J.: 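Dumping the structure here so I can ask a few things about it.
Per chain, numbering begins at 1; letters A, B, ... match sequence-line order. Note that the structure is predicted; figures quoted are calculated from it, not measured.
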4 protein chains.
Amino acid sequence: MRREQLLAIAVERFAKHGYHNTKISDIVADAGVAQGTFYWYFKSKEAIGLEIIRSGRERLLQVIAKGYRSQSGSVSEMVEGSQRLLKDIFQFADENRYFMELLLTGGEDESIRRASKETRIDMEEAFRRNIERATELGMLPGSMNLHMRAALLVSLIEGVIARWLFGPIHPNSDLARLTAEELAAETVRFEFFGLLGI
Amino acid sequence: MRREQLLAIAVERFAKHGYHNTKISDIVADAGVAQGTFYWYFKSKEAIGLEIIRSGRERLLQVIAKGYRSQSGSVSEMVEGSQRLLKDIFQFADENRYFMELLLTGGEDESIRRASKETRIDMEEAFRRNIERATELGMLPGSMNLHMRAALLVSLIEGVIARWLFGPIHPNSDLARLTAEELAAETVRFEFFGLLGI
Amino acid sequence: MRREQLLAIAVERFAKHGYHNTKISDIVADAGVAQGTFYWYFKSKEAIGLEIIRSGRERLLQVIAKGYRSQSGSVSEMVEGSQRLLKDIFQFADENRYFMELLLTGGEDESIRRASKETRIDMEEAFRRNIERATELGMLPGSMNLHMRAALLVSLIEGVIARWLFGPIHPNSDLARLTAEELAAETVRFEFFGLLGI
Amino acid sequence: MRREQLLAIAVERFAKHGYHNTKISDIVADAGVAQGTFYWYFKSKEAIGLEIIRSGRERLLQVIAKGYRSQSGSVSEMVEGSQRLLKDIFQFADENRYFMELLLTGGEDESIRRASKETRIDMEEAFRRNIERATELGMLPGSMNLHMRAALLVSLIEGVIARWLFGPIHPNSDLARLTAEELAAETVRFEFFGLLGI
DNA sequence: GATGAATGAGTCTTCATTCAT
DNA sequence: TATGAATGAAGACTCATTCAT
């Protein structure tokens with residue numbers, strides 16, 4: 001309970017103000033407990049940071065795992081499947097925006113930077129396998145290299161999430177007002193057909 | 001001279017170790033000057049950070065400005081034009097990798113965070129105008145909203161640069177070994193045709 | 001306790017060596033605590049300076065308030081009353097010599113300078129009201145302006161305290177050896193009758 | 001020329017902002033010369049401070065010396081003489097207000113503090129001799145001790161100057177608007193006759 | 001006489017962490 | 001479990017002074 005409370009406060013502050021700009025004294029003040037109490041639940045500031053990444057990573061990878069392609073299908077089935085997966089990811093990001101912000105923009109502390117990086121590599125790897133499977137099933141052309149495709153796709157996803165949830169975003173843009181579902185639709189369209197697509 | 005030297009050392013350290021993990025004493029030690037010398041050239045640590053962003057922003061926007069679409073043309077001309085622009089941007093990123101890293105992943109200090117954000121918004125805006133022009137000229141379909149397109153495109157560019165120059169990147173990926181030109185070709189292909197494209 | 005200890009050490013050092021010549025490290029070394037401990041009790045060096053003035057001011061004004069003239073009386077009663085008041089003030093000054101020195105000669109920091117000034121204005125104002133009352137009661141002639149009288153009187157008091165407790169004083173003078181009572185007697189004589197007086 | 005300019009700027013800044021709050025860089029900036037130039041004219045910051053006190057002291061003591069009592073006379077002659085002397089001192093103070101402020105309230109640096117103190121002791125000693133002479137000539141009663149009288153008199157003078165030229169002063173007071181002559185008249189009246197006097 | 005870049009010791013302040021209660 | 005006083009290493013910034021030109 002208390003532990004979860006501290007975690008929640010910490011992610012939010014880390015995301016909003018950055019790791020170094022967040023003092024343990026801020027966290028405990030928000031939680032209404034004494035400074036020492038923090039150290040009953042966490043070994044150190046670094047530890048709480050890693051804990052945040054670790055627990056978020058697990059949940060994020062679970063969401064992605066659920067969307068894995070297993071069987072062949074038509075193009076429209078593939079598009080639908082992708083759209084469902086992206087919607088789930090965007091929903092997860094929305095519900096865990098502070099974790100997501102930390103994951104995508106954080107990493108002031110070396111070990112947290114590393115943990116974030118690993119999580120993002122895992123995510124990219126999951127998408128690579130997904131694309132690989134689809135290519136093997138003949139649903140995607142084999143002309144582009146897999147890593148490149150995965151990198152481009154994850155760039156798209158990460159960039160869209162970042163702009164959707166915590167900028168940078170052009171003031172006139174209505175991107176931030178889209179639902180997860182709408183965002184997924186637009187993203188998937190671009191993913192499969194590019195700027196020239198339908 | 002001295003000033004440029006300090007700037008160069010600072011960007012590199014800010015990018016490699018982060019803003020907060022970089023001490024003024026590190027910078028001056030690298031430069032072989034006394035601590036006070038730093039303050040002869042810069043008002044504060046924050047000031048040198050902002051200066052780095054400011055000067056990089058100018059040069060980056062210049063590169064983008066050069067690639068502006070002005071006249072109508074065939075699809076392949078458009079693709080070629082985009083490829084040239086991306087290549088220029090990637091080359092700039094390669095030659096200014098520390099600035100780029102700071103721009104894309106940095107921002108521990110509030111004011112630097114803000115300055116980075118503004119620069120990235122400017123970049124997105126530049127691309128939006130470019131897409132807008134191409135749409136008006138009938139070179140791109142008008143079915144997707146402009147801001148969304150620009151966001152997706154810049155996500156692609158930023159994500160690719162980040163993976164190309166400073167990870168996160170899958171260990172088996174050969175992305176990091178591509179030239180700016182090759183990277184531009186792959187990216188442009190995805191940009192216009194998506195995963196299903198040629 | 002700790003707080004009071006730090007305050008006591010600080011006043012003494014501020015008075016003896018000046019505000020700027022007193023380092024926080026001096027204060028904590030005297031108190032036998034770590035540097036950080038100082039900042040547990042006080043926000044900053046300036047804050048402890050203001051606190052010293054603030055608390056001394058309250059006590060000083062209380063002493064003066066006690067000596068307020070309320071009823072009419074003979075000249076000798078008035079002289080006696082004045083003498084009692086001055087004795088109290090001198091005793092207070094003696095017991096709070098470091099505060100007094102800071103009040104009368106200190107003020108290197110702008111905000112402390114201002115706080116000291118205000119306290120001294122308050123003191124002068126208190127005396128002005130006292131003289132005003134005595135004039136209304138017909139105990140003092142109305143020929144001299146009130147502010148001038150108060151200024152002269154407080155000049156006398158401040159100057160005498162400064163010389164009595166912390167010089168400048170002529171080496172042959174025995175002023176420093178007088179008791180608060182004797183000093184009050186001499187001062188009051190001058191106050192009422194001047195150099196030509198009895 | 002340049003030397004005098006630097007001295008004038010230094011005195012003003014020392015008086016207005018305090019010794020420690022005045023940086024050499026402030027002084028040279030005001031004078032429009034380079035930092036190094038200062039050190040061509042003065043050995044150090046302390047040196048210019050001492051120089052200021054030294055030169056002011058000489059001129060101040062000269063003014064006082066001119067007012068020395070030499071011959072016997074009536075009470076009104078004595079009052080007139082005193083008034084002339086005070087007027088001269090007040091005029092000097094007015095023309096040298098920054099020096100005066102430094103002399104009366106300054107002294108953050110140990111050696112400057114000492115030099116100021118000595119000057120003020122000299123001033124007091126001069127007045128003591130003056131009173132002593134008047135007492136010997138039978139112009140003043142012998143009932144009060146000399147040092148005390150001198151201390152009280154100089155307290156009056158210093159306090160009045162301080163309030164006249166640079167506060168602390170009650171906002172409603174018109175003391176600051178008096179001329180040197182008027183101020184001398186009021187002060188002398190109090191000096192000789194006290195609050196009860198004519 | 002004058003410049004201004006360079007120096008570096010000195011100081012305030014911060015903040016993660018510890019520990020007796 | 002919880003407290004909060006205490007710690008002390010670390011780091012940004014200041015500024016009088018020097019010196020080559």
Side-chain angles (χ1 to χ4, degrees), chain A residues 1-3 6 19-29 31-49 109, chain B residues 1-3 6 19-29 31-49 109, chain C residues 1-3 6 19-29 31-49 109, chain D residues 1-3 6 19-29 31-49 109:
Chain A
M1 186 63 241
R2 185 100 322 158
R3 188 183 158 84
L6 290 170
Y19 180 79
H20 276 117
N21 294 320
T22 298
K23 294 174 272 176
I24 300 298
S25 62
D26 291 335
I27 298 175
V28 297
V33 299
Q35 192 102 341
T37 304
F38 177 91
Y39 287 88
W40 200 89
Y41 292 102
F42 301 97
K43 200 178 147 297
S44 65
K45 188 182 182 182
E46 192 188 7
I48 201 178
D109 185 80
Chain B
M1 187 63 244
R2 226 347 84 97
R3 189 184 157 83
L6 290 169
Y19 179 80
H20 277 116
N21 294 319
T22 298
K23 294 168 265 172
I24 301 298
S25 61
D26 291 335
I27 298 175
V28 297
V33 299
Q35 189 103 345
T37 303
F38 176 89
Y39 290 92
W40 177 260
Y41 292 101
F42 302 97
K43 203 179 143 295
S44 64
K45 188 182 181 182
E46 190 189 9
I48 200 178
D109 185 80
Chain C
M1 190 63 245
R2 208 27 50 109
R3 189 183 158 84
L6 290 168
Y19 180 79
H20 277 116
N21 295 318
T22 298
K23 295 168 265 170
I24 301 297
S25 62
D26 291 335
I27 298 175
V28 296
V33 298
Q35 190 102 344
T37 302
F38 177 89
Y39 290 90
W40 177 261
Y41 293 101
F42 303 98
K43 203 178 144 297
S44 64
K45 189 181 181 182
E46 191 189 9
I48 201 178
D109 183 82
Chain D
M1 186 63 241
R2 183 104 320 162
R3 188 182 158 83
L6 290 168
Y19 179 79
H20 276 116
N21 295 319
T22 299
K23 294 175 272 177
I24 300 298
S25 62
D26 291 334
I27 299 175
V28 296
V33 298
Q35 191 101 341
T37 305
F38 177 90
Y39 288 88
W40 201 88
Y41 292 103
F42 302 97
K43 200 179 145 296
S44 65
K45 188 182 183 183
E46 192 188 7
I48 200 178
D109 185 80

J.: Answer yes or no: does a side-chain N or O of C/R2 lie under 4.0 Å from OP1 or OP2 of F/dA6?
T.: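 Result: yes.
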J.: Whether A/Y41 contacts F/dA2 is assessed here as follows: a side-chain N or O lying under 4.0 Å from the phosphate OP1 or OP2. Is that the case?
T.: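 Yes, A/Y41 has a side-chain N/O under 4.0 Å of OP1/OP2 on F/dA2.
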J.: Suppose we call a contact any N or O donor and acceptor under 3.5 Å apart; does that hold for the side chain of D/Q35 and the base of F/dT17?
T.: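 Under the 3.5 Å cut-off, the side chain and the base do form a donor-acceptor pair.
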J.: Nearest heavy-atom pair of B/Y19 and B/K45: which atoms, and what distance?
T.: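 The pair with the smallest heavy-atom distance is O-NZ, 3.0 Å.
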J.: Looking at side-chain heavy atoms only, is the closest gap between D/I24 and D/Y39 below 4.5 Å?
T.: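 Touching, per the 4.5 Å side-chain cut-off.
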J.: Determine the minimum heavy-atom distance between C/A34 and C/V28, stating which atoms define it.
T.: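 Shortest heavy-atom contact: O-CG1, 3.7 Å.
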J.: What integer distance in Å separates B/E46:CD from F/dC13:C1'?
T.: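 Atom CD in B/E46 sits about 14 Å away from atom C1' in F/dC13.
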J.: According to the Watson-Crick and G-U wobble definitions, with both distances under 3.5 Å, which nucleotide is paired to E/dC15?
T.: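 With both distances under 3.5 Å, E/dC15 matches F/dG8.
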J.: Can a side chain N or O of D/S44 be found less than 4.0 Å away from OP1 or OP2 on F/dA16?
T.: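 No, outside the criterion.
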J.: Might you point out which heavy atoms bring B/N21 and B/D26 nearest each other, and give the distance in Å?
T.: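 The pair with the smallest heavy-atom distance is O-OD2, 4.0 Å.
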J.: Find the distance C/H20:NE2 to F/dC15:C1' and express it as a whole number of Å.
T.: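 Atom NE2 in C/H20 sits about 12 Å away from atom C1' in F/dC15.
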J.: CZ of A/F38 versus P of E/dC15: gap in Å, rounded?
T.: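 To the nearest whole Å, that distance equals 15 Å.
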J.: Which nucleotide, if any, forms a Watson-Crick or G-U wobble pair with F/dT3, using both distances under 3.5 Å?
T.: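 Answer to the pairing question: E/dA20, which forms a Watson-Crick or G-U pair with F/dT3.
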J.: Could you say whether C/K45 or B/G32 is positioned toward the 5' end of DNA chain E, judged by the nucleotide with the nearest heavy atom to each?
T.: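 Final value for this comparison: B/G32.
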J.: On DNA chain F, does the nearest nucleotide to D/K23 precede the nearest nucleotide to A/V33 from the 5' side, or the other way round? Give the residue.
T.: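 Nearest-nucleotide comparison on DNA chain F picks A/V33.
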J.: Roughly how many Å is it from CD1 in C/I27 to C1' in E/dT13, rounded to a whole number?
T.: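 After rounding, the gap between these two atoms is 14 Å.
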J.: Would one find a side-chain N or O of D/T37 under 4.0 angstrom from OP1 or OP2 of E/dT3?
T.: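 Indeed, a polar side-chain atom of D/T37 lies that close.
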J.: On DNA chain E, check which nucleotide each of A/K43 and A/N21 is closest to and give me the residue with the more 5' one.
T.: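 Looking at DNA chain E, the more 5' nearest nucleotide goes with A/N21.
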J.: For A/A34 and for B/Y19, find the nucleotide of DNA chain F with the closest heavy atom, then tell me which residue's nucleotide is more 5'.
T.: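 It is A/A34 whose nearest nucleotide is closer to the 5' end.
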J.: Quick one: B/I24 CD1 to E/dC12 P, roughly how many Å, whole number?
T.: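 Whole-Å distance recorded here is 20 Å.
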J.: How long is the line joining CG of D/D109 and C1' of F/dA16, in whole Å?
T.: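 From D/D109 CG to F/dA16 C1': 12 Å.
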J.: Could you tell me the separation between the CG atom of A/L6 and the CH2 atom of A/W40, rounded to the nearest 0.5 Å?
T.: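 Between A/L6 CG and A/W40 CH2, I get 12.0 Å after rounding to 0.5 Å.
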J.: May I ask you to say what B/F42 touches in the nucleic acid, namely base, sugar-phosphate or nothing, with a heavy-atom cut-off under 4.0 Å?
T.: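 No contact.
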J.: Any side-chain N or O of C/Y39 less than 4.0 Å from the OP1 or OP2 oxygen of E/dT14?
T.: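 False: C/Y39 side-chain N/O out of range (4.0 Å or more) of E/dT14 OP1/OP2.
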